[in-house]
Enquirer: 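Got a structure for you, written out below as structure tokens; questions coming shortly.
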Amino acid sequence: MTTLKVRNTLTNRLETFEPLTPGKVRMYVCGPTVYDYFHIGNARPFVVFDMVRRTLETLGHDVTYVQNITDIDDKIIERAREQGTDAAGVAKKYTQAYFEDLERLGVKAANHAPKATEYVPQIIEMIQALEARGMTYTCDGDVYYRVSKFPHYGCLSGKNPDDLRAGASQRTQDEHTAKKEHPADFALWKGQKAPDEPAWESPWGPGRPGWHIECSAMSTGLLGNTFDIHAGGEDLVFPHHENEIAQSQAATGEPFVRYWLHNAFLNIAKEETPLTEEQQEVVQRLEGALKAGETETWQRLRDELNEQNVHLEIDEQAKAISFKASKSLKNVPKLREVFARGYSGQVVRFFLLRTHYRSPVTFSWSLLDEARKSLGRWEEVRNRLHRAMEQGRSDGAHEHPLATELAAARERYRAEMAEDFNTSGAIGAAFHLISQINAALNEATPPAKSVLEAAQAALAEMEAMLGLSFEVQAEAKLPAEVQELLQQRAEARKRRDFAESDRIRDELKVKGYIVRDTRQGQTCEPA
RNA sequence: GGUGGCGUGCCCGAGUGGUCCAAGGGGAUGGUUUGCAAAACCAUAUUUCGCGGGUUCGAAUCCCGCCGCCACCUCCA
């Protein structure tokens, strides 16, 4: 089995991956809080860790994959208030949308997709275990975790609880913070404060789980006290995952997770930060005020823009401003918008996987177009191979040099993927092979069927790890009207009536079909 | 202010001591192929990897300084 190396956030090192039980991998990925449709940035961890799962499986591991759904949370309650419904309704709506979007992205269904609201008894049990060990304190119906009692606190994020205290001291007017013994302490259980807040009975009165505890309860409940991989976006390192470690290890007395994997963020290109005319005007006024040194004015304008989710970086010395696009989450297109603009889930997937998962990705529509074109090349070689097989000859060149290239490409691809899931490098290897396959198919005597089959198998393995799959275009599937035109065109070409042939080609183009002529005749596919 | 990370050719993006005058993709230009296209293939783009020093026989890759960018420290993936 190929030796897999992964970058473990716990050690900040590349480590050889060895599951607790050889051949079996238990992994948990933080899922969505279902209060809205998810955007292309949210999609990144879903796609990335699905790729991780598929790669592990291709390398011969049996993977148990858990991805939770946070269906009770402040943001959900807030959204329900806005929409005039209840939290359960909001959660249900966006949970369904989440599964639909995941499917379009080609994300394999998790073995378990637990919901926080279904784990309340286990959550209460875990809090009680922590309580029994003196790790908690209660305050106005809230239960807090006492960070100072956990000696390893900060082991994942490298943060020092004392620094957190210093940083938080400016925010003591926050009543929530004021109640806590230490600013880093966090809620395990939140007492019900308003009648419209969903609540469950508990030993501490009616309330709901804190955010971090649900993941501890669900992951250890489904995967055991110690499991192999826990993954999510890098923003979760602190405080979410740090707190999960603190809770889980204190409650079970056992190590929690062996390998922590975190993906980097997606940013939005500046040109994709659309401002309304009014906002642009405000920005201009702000620039003027900044240059003129009218501090009060520009600060007021900045706050005004902030309220509209336009976040600016202001450099007072240089008197310059820039956009903090990544913070302006409203600028990140929803996946549904991306699909509505005609991009397939697979294109989004490929776009996200072109970049190594620990490097930031910049989103723009033109970069998405670039990814689509690139992916089209991959799809095209699949079609060409398929056609070559159909017209296939077993008398081709059996000793074709392509055969040896295949083995080399496979090996290089695997090695790249095994090096902390280097999808960029692996895709490079794939395209190198694709060029060679294309060159072989251009030859007057193409390789024999056996070689072509091996080429298909090599590509299939690569696709399996990335989670790509191409539907082979079949002419039988084209509408009858299109097939009729193709028939006419074929006949015109037999007569060498190129004027008619070109006319039909143009007509089909208008209808959205691309016609190409090859040595073996014409091909047709939707544009 | 603290912590972690990044800066690669026109653009995107791998590479982290020699095999790199930098994989692969997008774009551009020229060629092969084609009735013409498209697709595919081939070739090309002031030795070049933020800037300045240093280590080394040798650096995009290591060290120091500077500049710029990003994330987290606020229940944003």
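Letters go in sequence order (proteins before strands), and every chain restarts at 1.
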Enquirer: Determine the interatomic distance between P on B:A77 and the same-named atom on B:A71; round to the nearest Å.
Expert: 15 Å
Enquirer: Over how many whole Å does the gap from A:Leu266 atom CG to B:C12 atom P extend?
Expert: 15 Å
Enquirer: Nearest whole angstrom, please: distance from the C1' of B:C70 to the CG of A:Asn263.
Expert: 15 Å
Enquirer: For B:A40 and A:Arg377 - does any side-chain N or O of the residue sit under 4.0 Å from the phosphate oxygens OP1/OP2?
Expert: yes
Enquirer: Please name all residues satisfying side-chain hydrogen bond (donor to acceptor under 3.5 Å, both in side chains) with A:Arg503, sequence neighbours left out, ordered by chain then number.
Expert: A:Glu500, A:Glu507
Enquirer: Under 3.5 Å, is there a donor on one side chain and an acceptor on the other for A:Gln522 and A:Arg489?
Expert: yes
Enquirer: Pick the C1' atom in B:G53 and in B:A59, then give their distance to the nearest Å.
Expert: 14 Å
Enquirer: Looking at B:G35, B:A77, B:G26, which one has an atom nearest to any side-chain atom of A:Ser501?
Expert: B:G35
Enquirer: Specify the separation, in whole Å, of atom NE2 of A:His241 and atom C1' of B:G4.
Expert: 17 Å
Enquirer: With no angle test and no hydrogens, is the base of B:C36 tied to the side chain of A:Arg505 by a donor-acceptor pair under 3.5 Å?
Expert: yes
Enquirer: Looking only at side-chain N and O atoms, does A:Asn42 come under 4.0 Å of OP1 or OP2 in B:A77?
Expert: yes
Enquirer: With the criterion set at under 5.5 Å between ring centres and under 30 degrees between planes, would B:A77 be stacked on A:Phe46?
Expert: no
Enquirer: Looking at A:Lys373, I'd like to know whether one of its side-chain N or O atoms comes within less than 4.0 Å of OP1 or OP2 on B:G25.
Expert: no
Enquirer: Is A:Asn422 near enough to B:G15 that one of its side-chain N or O atoms lies under 4.0 angstrom from OP1 or OP2?
Expert: yes
Enquirer: Closest to the A:Phe498 side chain: B:G5, B:G35, B:C70?
Expert: B:G35
Enquirer: Between A:Leu375 and A:Ser157, who's closer to the 5' end of RNA chain B by nearest nucleotide?
Expert: A:Ser157
Enquirer: Using atom C1' of each nucleotide, how far apart are B:A14 and B:A28 to the nearest Å?
Expert: 22 Å
Enquirer: Whether A:Ser435 contacts B:C41 is assessed here as follows: a side-chain N or O lying under 4.0 Å from the phosphate OP1 or OP2. Is that the case?
Expert: yes
Enquirer: So for A:Asp502 and B:G35, does any side-chain atom that can act as donor or acceptor lie under 3.5 Å from a complementary atom in the base?
Expert: yes
Enquirer: Taking B:G9 as the reference, what is the distance to B:A45 when you measure between their C1' atoms (whole Å, please)?
Expert: 9 Å
Enquirer: Can you give me the dot-bracket string for RNA chain B, 5' to 3', counting Watson-Crick and G-U wobble pairs with both distances under 3.5 Å, using [ ] for crossing pairs and | for partners on another strand?
Expert: ((((((((.[[[..)..(.....]]].(((((.......))))).....[[[[[..)....]]]]])))))))....
Enquirer: From C-beta outward on A:Glu370, which listed nucleotide comes closest to its side chain: B:A39, B:A77, B:G26?
Expert: B:G26
Enquirer: Under the side-chain contact (heavy atoms from CB on, under 4.5 Å) rule, what do A:Leu335 and A:Tyr37 come out as? Steps first, then yes or no, please.
Expert: CA-CA 8 Å; A:Leu335 214 50; A:Tyr37 296 113; over 6 Å; no
Enquirer: Across the strands shown, which category fits A:Val515 at heavy-atom distances under 4.0 angstrom: base, sugar-phosphate, nothing?
Expert: base
Enquirer: Kindly indicate whether the side chain of A:Leu468, heavy atoms from C-beta on, has any atom under 4.5 Å from the side chain of A:Leu353.
Expert: no
Enquirer: A:Ile427 CD1 to B:A14 P: how many Å, rounded?
Expert: 10 Å
Enquirer: If you look only at distance, which donor and acceptor atoms sit under 3.5 Å apart when one is on a side chain in residues 341-349 of chain A and the other is two or more places apart or in another chain?
Expert:
{"residue": "A:Arg341", "atom": "NH2", "partner": "A:Glu337", "partner atom": "OE2", "Å": "3.1"}
{"residue": "A:Tyr343", "atom": "OH", "partner": "A:Asp369", "partner atom": "OD1", "Å": "2.6"}
{"residue": "A:Ser344", "atom": "OG", "partner": "A:Gln346", "partner atom": "N", "Å": "3.4"}
{"residue": "A:Ser344", "atom": "OG", "partner": "A:Val347", "partner atom": "N", "Å": "3.1"}
{"residue": "A:Gln346", "atom": "OE1", "partner": "A:Ser469", "partner atom": "N", "Å": "2.8"}
{"residue": "A:Gln346", "atom": "NE2", "partner": "A:Ser469", "partner atom": "O", "Å": "3.2"}
{"residue": "A:Arg349", "atom": "NE", "partner": "A:Leu466", "partner atom": "O", "Å": "2.8"}
{"residue": "A:Arg349", "atom": "NE", "partner": "A:Gly467", "partner atom": "O", "Å": "3.2"}
{"residue": "A:Arg349", "atom": "NH1", "partner": "A:Asp50", "partner atom": "OD2", "Å": "3.1"}
{"residue": "A:Arg349", "atom": "NH1", "partner": "A:Leu105", "partner atom": "O", "Å": "3.0"}
{"residue": "A:Arg349", "atom": "NH1", "partner": "A:Gly106", "partner atom": "O", "Å": "3.2"}
{"residue": "A:Arg349", "atom": "NH2", "partner": "A:Asp50", "partner atom": "OD2", "Å": "2.6"}
{"residue": "A:Arg349", "atom": "NH2", "partner": "A:Leu466", "partner atom": "O", "Å": "2.9"}

Enquirer: Within this structure, what is the NE2-to-P distance between A:His240 and B:C73, rounded to whole angstrom?
Expert: 13 Å
Enquirer: Using the P atom in both, what is the distance from B:G4 to B:C41, to the nearest Å?
Expert: 46 Å
Enquirer: Select from A:Ser374 and A:Gln436 the residue whose nearest nucleotide in RNA chain B is closer to the 5' end of that strand.
Expert: A:Ser374
Enquirer: In whole angstrom, give the distance that lies between atom CG of A:Leu486 and atom P of B:A38.
Expert: 19 Å
Enquirer: Roughly how far apart, to the nearest Å, are B:C73 and B:C62 at atom P?
Expert: 29 Å
Enquirer: If you define the side chain from C-beta out and look only at heavy atoms, does anything of A:Asp73 sit under 4.5 Å from A:Val34?
Expert: no
Enquirer: Taking the same atom, C1', in B:C12 and in B:G27, what whole-Å distance lies between them?
Expert: 11 Å
Enquirer: The side chain of A:Ser424 is closest to which nucleotide in this list: B:G13, B:G4, B:C41?
Expert: B:G13
Enquirer: Kindly indicate whether the side chain of A:Arg493 and the base of B:G35 share any N or O donor-acceptor pair separated by less than 3.5 Å?
Expert: yes
Enquirer: In sequence, state the C-alpha distance, the side-chain angles, and the governing distance for A:Leu433 and A:Phe431, and then conclude on side-chain contact (heavy atoms from CB on, under 4.5 Å).
Expert: CA-CA 5 Å; A:Leu433 176 64; A:Phe431 277 113; over 6 Å; no
Enquirer: Just call it for A:His356: base, sugar-phosphate, or nothing, with non-hydrogen atoms closer than 4.0 Å on any strand.
Expert: sugar-phosphate
Enquirer: Distance only, no hydrogens: is a donor on one side chain within 3.5 Å (strictly under) of an acceptor on the other, for A:Ser148 and A:His182?
Expert: no
Enquirer: Answer yes or no for A:Arg382 and A:Phe470: cation-pi contact, defined as NZ/CZ to six-membered ring centre under 6.0 Å and angle to ring axis within 45°.
Expert: no
Enquirer: Parallel, tilted or perpendicular: which describes the rings of A:His152 and A:Phe150, with under 30° parallel and over 60° perpendicular?
Expert: perpendicular
Enquirer: Under 4.0 angstrom, heavy atoms only, what part of the nucleic acid is A:Arg354 near: base, sugar-phosphate, or nothing?
Expert: sugar-phosphate
Enquirer: Determine: side-chain N/O of A:Ser359 to OP1/OP2 of B:A14, distance under 4.0 Å, yes or no.
Expert: yes
Enquirer: Could you check which of B:G24, B:G35, B:A77 has an atom nearest any side-chain atom of A:Phe431?
Expert: B:G24
Enquirer: Write down the distance separating the P atoms in B:G18 and B:C36, rounded off to the nearest Å.
Expert: 49 Å
Enquirer: Is there a side-chain contact between A:His432 and the phosphate of B:G24, meaning an N or O under 4.0 Å from OP1 or OP2?
Expert: yes
Enquirer: Between B:G4 atom P and A:Trp260 atom CH2, what is the distance in whole Å?
Expert: 20 Å
Enquirer: In whole angstrom, what separates A:Leu466's CG from B:G13's C1'?
Expert: 15 Å
